[in-house]
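Sequential numbering from 1 along the given sequence is applied to the chain's residues. Indexing begins at 1, ligand by ligand and atom by atom, following the structure's order. Bear in mind the structure is a predicted one, so any value in this text is a computation, not a measurement.
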Amino acid sequence: MALNPRRRIALIAAGVIVFFILILSNRHSSNTNSSLHSTHQLKQQKQQNDKTPLLDNDAIPVIYPPPFTLHQPGPEEKFLTYLPHSGFHNQRIELENALLLASYLNRTLLLPPVFLGNPAMPWLRYDKMYERLLLQTKRGLDHCPQLGPDEPLPSECLNYFRWTQVPWSFFYDLKKGIQDNVRIIFRQDLSTEWILDTLQVQSSDIYYMKDMSPYEFRVYDKPDSATPLAKFVNRIDLATLEAIDTRVLHFGSVFGTYRVLAQTPEHAELLRTFRSEMIFRNPILAETAARVVRQLGGVDQFVGLHIRVGDGLFKVRASIHVDDIYHKLVDAFTDLTVDQVAYYEDYRHDQDRQENEDYEVRQLRKFKPINEDLNKPIQVDHPSNIQDMLGDVPPPGLTRSCEPPSPMDATTKRFQKTVIYIATDTPSPRTNPLLRKIFATFPCVFVLSDFNEELHDLKRIQVVEEKVKLESYLIPMVDAMIAAQGHSFFGTADSTFSSYIERQLHPVYTNRPVKVMGIGNKKKD
Ligand SMILES: *[C@@H]1O[C@H](CO)[C@@H](O)[C@H](O)[C@H]1NC(C)=O
Ligand SMILES: *[C@@H]1O[C@H](CO)[C@@H](O)[C@H](O)[C@H]1NC(C)=O
């Protein structure tokens with residue numbers, strides 16, 4: 001007999017509670033600390049606890065802080081929470097919106113973890129999303145990480161290693177500017193029962209804002225704001241949310257850049273604070289990036305690029321995006337003429353300005369048309385002091401030798417003063433035809449794979465309880481952290497990752513002011 005959905009949820013919920021209690025007593029009992037544990041501490045933990053899977057002695061574990069690590073709620077306190085979905089950057093934008101809402105409404109944020117998975121769970125309407133989040137579980141699968149390397153993977157374990165969840169405290173320092181403005185409780189479990197249990201509230205204490213479409217509402221903090229709804233469907237003024245008195249205010253998705261507006265001067269400042277703190281601070285990531293940056297000559301000594309070509313429309317428009325970035329570099333750091341540029345572009349400029357029709361894109365409508373950009377002829381526009389940018393010796397701080405894939409000529413020799421670091425999802429960037437013209441023009445270009453020997457610590461980071469390594473998720477982050485530390489940064493149009501680097505990582509890592517203006521910019525992931 002099939003269980004009705006409510007029954008099913010109730011059963012799942014019961015499982016959730018048991019699981020949560022187990023987690024609390026096993027995983028978290030000895031961790032009152034959100035910094036990284038030493039292997040030594042872990043071994044001690046393992047000896048105390050036979051259920052922990054066999055540990056990789058070299059692993060650097062992800063630490064899961066207990067719910068009340070940052071804040072212990074009082075009796076009258078009100079709360080706010082939401083459901084996470086999609087990739088890292090959508091979840092980051094959800095967090096930004098949720099922090100603003102929690103602060104505006106003086107509600108404590110029940111902060112969900114970051115879901116990392118491949119493929120990521122897309123947006124779904126509230127009830128579906130809730131169900132999916134609860135069905136996506138590792139309960140009852142404790143045997144999966146116990147399997148030896150030679151044992152076949154049972155079917156129930158096939159998905160086990162393809163996703164995991166990591167607390168935001170792994171990436172960001174929540175303690176300073178964020179905690180000063182928002183009280184945070186870590187929500188390790190997305191079930192309603194967890195809320196009832198942890199906060200000691202009743203079902204009637206939860207007010208749901210269930211969304212039926214992905215951009216169902218936009219929150220206006222300024223009553224007389226004339227900012228258009230854009231892709232959002234309904235306008236909700238802050239006063240409407242303030243009038244809700246229920247203890248817990250539960251949103252579904254809160255994704256979308258500037259979904260929660262910050263238009264009063266006070267709120268704009270708050271957004272600037274949050275953006276300045278939503279910066280990768282994990283010590284292993286930071287140290288790895290710093291080792292590479294030192295070899296590039298140090299902070300502010302090179303040009304950082306973020307070139308995303310991997311999927312969807314980024315693939316279709318890859319050669320156009322690369323060409324846009326290439327011409328900015330040529331303008332700012334060379335004295336090349338139009339004819340010379342044509343030569344270094346291999347006379348492929350017009351071809352590069354076309355979309356690649358070999359790839360099908362499902363969600364074309366999400367992207368703005370770029371007709372104005374097609375068939376753009378070669379132009380050069382150098383600043384008047386361009387000669388200062390040229391030089392035939394690499395900067396003294398650079399500890400690597402410049403090894404261009406094709407030999408320098410008398411012209412390109414003079415561009416060795418410009419060191420370029422490319423963060424990219426392109427496989428084999430040094431030999432990829434898409435990036436060829438950058439390497440052909442600038443002799444001193446570097447990519448992460450040139451620094452493979454610096455990535456050893458990243459490979460060690462693990463959700464040890466699940467034996468899930470995080471390297472593949474962390475590589476693009478470290479890549480971005482390096483590119484962000486140049487004196488200049490150029491990103492890929494329409495990429496939320498590029499705008500995150502441009503707006504937040506680059507200014508913070510190089511001590512420049514963080515950008516919060518630009519409302520109405522439509523950046524897509
Ligand atoms: C967290 O751990 C570090 C290193 O193990 C230790 O120095 C620090 O005192 C701990 N903090 C708390 C709050 O336990
Ligand atoms: C905000 O909420 C906290 C916790 O409930 C409460 O102590 C405080 O007085 C509230 N602040 C304002 C301005 O209402």
Starting from the C-alpha separation in whole Å, work towards a yes-or-no answer on side chain to side chain donor-acceptor pair (under 3.5 Å) for Tyr82 and Asn97.
CA-CA 10 Å; Tyr82 63 95; Asn97 288 327; over 6 Å; no
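Atom 3 (C) of ligand 2 has its nearest heavy-atom neighbour, among Glu77, His71, Glu76, Arg183, in Arg183. The option from Asn106, Thr108, Leu105 that lies nearest to atom 11 (N) of ligand 2, judged by heavy atoms, is Asn106.
Using modelled atom types and a 3.5 Å distance limit, the side chains of Gln485 and His506 yield no donor-acceptor pair. Side-chain atoms of Glu216 and Ser213 form a donor-acceptor pair, as typed in the model, at a separation below 3.5 Å. Trp123 and Asp211 share a side-chain donor-acceptor pair at under 3.5 Å.
Distance remark: protein heavy atom present below 4.0 angstrom from atom 5 (O) of ligand 2.
Under 4.0 Å from ligand 2, not a single heavy atom of Lys78 appears.
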